[in-house]
Every structure is written in C-alpha cells, then in structure tokens.
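Below is one structure, written out as structure tokens; comments come after it.
Because the structure is predicted, anything quoted here is derived from the model rather than measured. As a basis for the values below, the full set of heavy atoms in this structure was taken, side chains included, without hydrogen atoms, waters or symmetry mates. Protein chains get the first letters and strands the later ones, always in sequence-line order, with residue 1 at the start of each.
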There are 2 protein chains.
Amino acid sequence: MATIKDVAKAAQVSVATVSRVLNDTGYVHIDTKTRVTQAMQELNYFPNEVARSLFKRESRLVGLILPDITNPFFPQLARGVEDEIHANGFRLLFGNSDEDREKEMAYLQTFKQNQVVGVIAVTNEPESDLYNDDELPVVFLDRTVPNAPSVFADAMAGGKIAAMELIKRGSQQVTLLKGPAHLQTARQRFKGALDVLTEEGANFHVMSNASFSFQEARKSAKALFQLYPETDGIIASNDIVATAVIHEALRIGKAIPDEVQIIGFDDIPQSELLFPSLSTIRQPAYDMGKEAAKLIIKAIQKQPIDQSVIQMPVSFIERETTRKVDSQ
Amino acid sequence: MATIKDVAKAAQVSVATVSRVLNDTGYVHIDTKTRVTQAMQELNYFPNEVARSLFKRESRLVGLILPDITNPFFPQLARGVEDEIHANGFRLLFGNSDEDREKEMAYLQTFKQNQVVGVIAVTNEPESDLYNDDELPVVFLDRTVPNAPSVFADAMAGGKIAAMELIKRGSQQVTLLKGPAHLQTARQRFKGALDVLTEEGANFHVMSNASFSFQEARKSAKALFQLYPETDGIIASNDIVATAVIHEALRIGKAIPDEVQIIGFDDIPQSELLFPSLSTIRQPAYDMGKEAAKLIIKAIQKQPIDQSVIQMPVSFIERETTRKVDSQ
DNA sequence: TTGAAAGCGGTACCAG
DNA sequence: CTGGTACCGCTTTCAA
C-alpha cells in the first residue's frame, strides 16, 4: 500500500499538500493538484483510515449490536442500517450479543477501542450504564427506554389492531399468547390486545409462553388447544409462535381460518411462505433499521435532531389465517 | 478515554513500561507491574486499538462480504464466522454486496483501508483480481474457484443424494429445476442429480428457473405443473424454490408426498416450519462459516494450513415432502 | 529492569 | 499557495 509520502515524493510536493488535495481543504494550485491527483492514481493510493482515525480520534465505523442475526427478524433490521450508513460513507462493525450482558459489554468495549463514531443496539439493557457514555452517540432499536434516542414500532397499536381484526372477523373465543415478560414490545402487544378485548367485552383466555423459540412455542400451542378447545381466534406473541400454532392446528385437524383464526406479529419473511400464509401485524423492520441509521448519522454529524424518539407504524397484513371480512 | 500516558503518569513509570505490562513482553519488575496494573484499573484504561493497528500495520478486524444478509441462507454463515472470530479476539466488519461488483470492490477497498487482517467473501467473482492481493488473506465461502482457500458444500453429492432419495421413494417422473447458471453450486447440484437420473435410466424433465427469488420460483412452479402434469418428483434448486413448488402443488390440489415428492437444497431454518415440512439436502451453513473463520485465523496467524480447500458434507433431511421408505 | 525516542500514516497549524 | 513539523496513542529498538 502506497502512503501519503510516496505520493508526495512522486508528485514532488510535501505531504501537507497531498493532504490538502486529498481533503480538498486550503489552497492548492490547480497544476500541482493535477500532479498530485495523477500521482495518486499511478500509485493506486488510498488514504489509510487507521491513521486518519488516530489523528481525528474517530473512525468511520458504526457499531451494531443485535441479539442474534440468525433470528429472522433481525436481518431486515441489519440490512436497513447497513444500507443507510453505507450510503453515508460509514462501515459496519457487527456483533451478536445473545442478549448476554457480558458479551454486549465486550462488544461495546472493543467498539470504543476501535473508535466507532456511534452505535446502534438492540438490547434489553438500554438503561444500563453500559450505554451511558456521553462521548459516544447511541441509538436503541426495537427495544428502548423513554426519552433515549430510539426507533421502535408501535407495539401497543399492534396489539389493538390484532384484537380488533380478530373480533371484526368473528372470533368469539380469543386466546392471547403472552410473550416473554422481559421484552417490552411483547408486553405492549399484549396490553394493546388485552385492552381491546376487554373494552369489547369479548371472551378470552391468556396463556404465557415465555419464549419465542419454535420448540417452546410448539408446547404452548399444544397446551392451548387442550386447555381451550373452544378457541376460535389466537393472537400469537410473534410470527414464530404463530407458526407453531398453525402447525398444531393443522396437526389436530382444525380448519384455518374457518374454525380458528390466527394472527402473528412482525411479518418476518417466511410468514408469507407458510401454508396457509400468516396474517400478521407488520413491523417495518427494514425501515426501522434505516431510521436508526439516519438518527445515528445525524448525531455523528451533530446535526439538529428534531425527533430522537421515533415510533414506527405497524400494519395489519391480511393473509390466509384470518377470514375475509365480507365472508363472515 | 484514558491513554497510555495517563497510566504511565499515574503509575510513575514510562509509557514503555506500561506497554510492556500491557503486552506482557520484556522484563518488568513485579512491583512496578502491580502498580501499573492498578493504575490501569483505576483509570479504566483500555488500549486504543486504532493506535495499535497503525503501528502494527494491521488491525484485529476481519471483513465479511455477503450477497445479502436478508437471504435466509446467509445469517447462519455469518453467525458461524462471527462466533469463531470473536472467540479468537477478532471483530467483524460487514457488508452486503448484492452480488454487485462495484459494491464488492468498494467494501474490499475500505476494508483494506481499515487494515483488516483478512476477509471472508461469498462472491461470484473469486478469480477477479479484486481478491488478488497477496498482502491480504482471503477465504471464499460457498462459492469458489479451484485451489483458492475456501469452504463450500459438496453440491454434486447433494444433487446425487436428492435424485437417489427420490428414486428410492418411488418417483417415476422427476422434474429437475435448474438454478441460476452463474452459480456454481447450482450447476453442481444439477449435474449431480442429472448424473444419477441418467444412470438409473429414470424418466425426467429439466426446467430452468433462473432466479432464487420466491416470486420467480412461483412462476416456474406454475409452469412446471402445466407442462409436466405427470411429474411425481421434483428436485428444486433450493429451499425457496421448493417452497414455491409446495405452494403451487397445494394450490392445485396435488397431494404431497403421495402424488408428488419434493426435495429442496440448503435446509434454511424455515424449511422445517413449512407445512408440510420440507425434505431437503442440508448444507451445514453454521459450520461452514466456522470453518471459513478458522481458515482465515490460521492464515492470519501464519499457522501451517494442511487443508485450505474444505469441502463440507451435505446430508438428506427427511421430512414430510418425501414418502417414508417402508411405506412405498 | 527501565526510559528515551523514533516512527506507524495521516492532519492541521504556523511560517513563509 | 506551499512546506515544515508537532502530534494522535501505541510499540519497539537502543542504551543505560
């Protein structure tokens, strides 16, 4: 790799001058600029980002911490942030935390050691002092605390919509699958649905399924149909759980959506590919990632931020696990 | 952030000494070592990786280039490499290429500017001079050229197994869905299946579906059942395509697996969650990622590499889109 | 066993 | 308009 010195020598100028044309700062005669530019090309010169970072005390890197890229909700998110930061000349430093505080801390630490300019985190511990560094801009994605710069979906509205759509489509006996208690989104979804069900004076049951894993969800689904065989409408805590419910319904011969309607949350890519395809409450994951990236970029560039808490809208995606409204 | 100078001052030694205890190199008196260590703790000192990288002319970063993290096959790969490099103290610099040469080049360039110690790439252009840099170790994942350090699955064997399993399970009229011609894995799978079908003297058709996208695959699936209604066994070019085939079969009322058996490739996570769940040829994606990471780490550490071309085994995952062998 | 100092590849200030 | 140079934080001779 050629260095700035090599270029300076080739162009017969000082490194200061090369730096000037590189950064387009200060005066430099048009002719020498040409010479320098040529030298750069001939030597296939690209500035060493590390040296730059050292001097400036900041890199062009943004850190992203996700629980697990293998969980189908996160790739969309990741892609959204990556596209946006890439478009702004930043690169992504990435780590899976497995929702483990130690891991999270380790990543954050090394991110800082690499002088990242900002971090975007999907974390269960947004209030921890882990993220309490006023040197380093942080935006929380999907999971958050009040007033922290963050991007998340309107989970409560999602819960409400799910309940309303089920009722509108004629479910009389709804069962609510309550997700992991430590996830605020899950709690909000639950609360939204609960509120509507209560208001509407509907009959319903509540079941906890503490995990989003498919295997766990399977057990919950099985239990659900045994405990509440009269259920004709199910609000699952997310699409994975909804998938397990579909499986169980199919297995025991319940007709979907005629005997039982099912609604999920998230709209992960495979929900469309299920059979029957899953009606669900969509979170705009890709856009959420993008918004988070935009926020962090503004913070990095110290631009004024009008809105640092961004709630994204959710929407009902009607597919085949709910009845058509006309046909009820 | 405290610097090495701060520590030196606090411990009343020179920065050289601090550096020595930091890196455990050279002699340093036990007592001063203690003093230094204490000072580091008190100041919450962590070495600046950027400064280190600059001096050493290499970072602790590994670059990963994938076509698109949103494609369900890749998160597993990514997770495999991330886990392995993380365990070895490296961090991941990540980018989506969309199989676009320009993007790929841009990432590679900035990776180099950030002095990554190695890169792992899923690329269609492994032979391009893009990757022809003898300074920088590269390992190709999933897609490769002969003799380049790489990790990939035995696609040909996969194709063979798929064909054999279908025949063993009684399919008489197989249709082969041929994947994108530019992907070597797709070609190999196809060839493997073709060989077996030919050897066995089976009746079969071939259809091209040039894309792995679900929408395109849908069209191919539709065409397939129109053109070859007698088909009773389908080898799809991957699981996404197989999913589309399942959909179409279900839509037109073909019984799976009784009237038509279907086999996919990859074993992406959702294949298990389909209904009926998909029988498929599994690629050990997570392990492939891990192996690639191990390879790059060896290269980085200049350890001897006995095997730089690693072919991973594939396996038949029997689920519900193929008949049971006993029951035929 | 320790410290001084050069230097990694840039940037930016100050002089000229 | 251009060059000299100090410095970013760390590592590594070299000498003491």
Side-chain angles (χ1 to χ4, degrees), chain A residues 1-40 43-61 89 109-117 135, chain B residues 1-37 39-40 43-61 89 109-117 135-136:
Chain A
M1 284 271 273
T3 75
I4 198 169
K5 272 189 198 165
D6 301 326
V7 176
K9 194 172 296 177
Q12 316 213 56
V13 295
S14 72
V15 295
T17 300
V18 178
S19 179
R20 281 189 202 102
V21 347
L22 199 53
N23 299 289
D24 203 20
T25 103
Y27 299 93
V28 36
H29 190 93
I30 179 71
D31 293 349
T32 79
K33 181 168 181 174
T34 313
R35 273 207 333 278
V36 171
T37 310
Q38 264 185 11
M40 294 205 276
L43 295 172
N44 191 244
Y45 169 76
F46 287 90
N48 182 325
E49 272 302 322
V50 177
R52 279 182 157 175
S53 301
L54 179 58
F55 183 86
K56 298 240 186 123
R57 280 187 226 68
E58 60 176 50
S59 70
R60 300 281 286 169
L61 266 22
Q109 181 57 54
T110 56
F111 285 180
K112 286 180 189 173
Q113 289 178 251
N114 281 284
Q115 297 186 168
V116 299
V117 269
E135 305 280 275
Chain B
M1 285 271 273
T3 73
I4 199 171
K5 270 188 200 165
D6 301 325
V7 177
K9 194 172 297 177
Q12 314 213 58
V13 296
S14 73
V15 295
T17 301
V18 178
S19 179
R20 284 192 197 98
V21 347
L22 200 54
N23 298 289
D24 203 21
T25 97
Y27 299 93
V28 36
H29 191 92
I30 179 71
D31 293 348
T32 79
K33 181 169 181 174
T34 314
R35 275 211 326 281
V36 171
T37 310
M40 294 205 277
L43 294 173
N44 191 243
Y45 169 76
F46 288 88
N48 182 325
E49 271 303 322
V50 176
R52 280 184 155 175
S53 300
L54 180 58
F55 183 87
K56 299 242 186 122
R57 281 188 225 69
E58 62 175 49
S59 69
R60 300 281 287 168
L61 266 21
Q109 181 58 54
T110 55
F111 284 0
K112 287 181 188 171
Q113 289 177 251
N114 281 285
Q115 296 187 169
V116 298
V117 269
E135 305 280 276
L136 183 66

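Taking 4.0 Å as the cutoff to heavy atoms of chain A, we find the contact window on DNA chain C bounded by C/dC8 to C/dC13.
Regarding A/I30, its CD1 atom lies at a distance of 10 Å from the P atom of D/dC1, rounded to whole Å. D/dC10 atom C1' lies 17 Å from atom CZ of B/F46, rounded to whole Å. When the P atom of D/dG9 is taken as reference, atom CE of B/M1 falls 10 Å away, rounded to whole Å. Separating the CZ atom of A/F55 from the C1' atom of D/dG9 is a distance of 13 Å, rounded to the nearest angstrom. Atom NZ in B/K56 sits about 9 Å away from atom C1' in D/dC10, given to the nearest Å. Remark: P of D/dG9 and CE of B/M40 are 17 Å apart, rounded to the nearest angstrom. Atom P of nucleotide D/dG9 and atom CD1 of B/I4 are separated by 11 Å, given to the nearest angstrom.
To the nearest 0.5 angstrom, A/R52 atom CZ is 7.5 Å from A/S19 atom OG. Here A/E135 contributes atom CD and A/E58 contributes atom CD; the two are 11.0 Å apart, rounded to the nearest 0.5 Å. To the nearest 0.5 angstrom, B/T17 atom OG1 is 12.5 Å from B/Q12 atom CD.
The closest side-chain heavy-atom distance from B/R60 to A/N114 is not below 4.5 Å.
In this structure, A/T17 does not reach the D/dT2 phosphate: none of its side-chain N or O atoms is under 4.0 Å from OP1 or OP2. Look at B/K5 and you'll find a side-chain N or O under 4.0 angstrom from OP1 or OP2 of D/dC8.
Within residues 18-28 of chain A, the residues that place at least one heavy atom under 4.0 Å from DNA chain C are, in residue-number order, A/S19, A/R20, A/L22, A/N23.
In terms of position along DNA chain C, the nucleotide closest to B/Q12 lies nearer the 5' end than the nucleotide closest to the other residue of the pair B/Q12 and A/A2. When each of A/H29 and A/V15 is assigned the nucleotide of DNA chain D bearing its nearest heavy atom, the one mapping closer to the 5' terminus is A/H29.
The backbone N or O of A/K33 sits less than 3.5 Å from a side-chain atom of A/T37, completing a donor-acceptor pair. Panel note: side chain B/E49, backbone B/S59; no donor-acceptor pair is recorded below 3.5 Å.
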Would you check, one step at a time, whether the test side chain to side chain contact (heavy atoms under 4.5 Å, CB included) holds for B/F111 with B/L61? CA-CA 9 Å; B/F111 284 0; B/L61 266 21; over 6 Å; no

If you apply the rule side chain to side chain contact (heavy atoms under 4.5 Å, CB included), what do you find for A/M40 with A/L22, and how did you get there? CA-CA 9 Å; A/M40 294 205 276; A/L22 199 53; 3.9 Å; yes

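Checking B/V13, B/V21, B/V18 one by one against B/V28, the side-chain contact (heavy atoms from CB on, under 4.5 Å) holds for a single residue, B/V21.
Note on B/T32: only backbone sugar-phosphate atoms sit closer than 4.0 angstrom, heavy atoms only; bases stay farther off. In this structure, A/V50 reaches neither bases nor backbone, as no heavy-atom distance under 4.0 Å exists between it and the strands shown.
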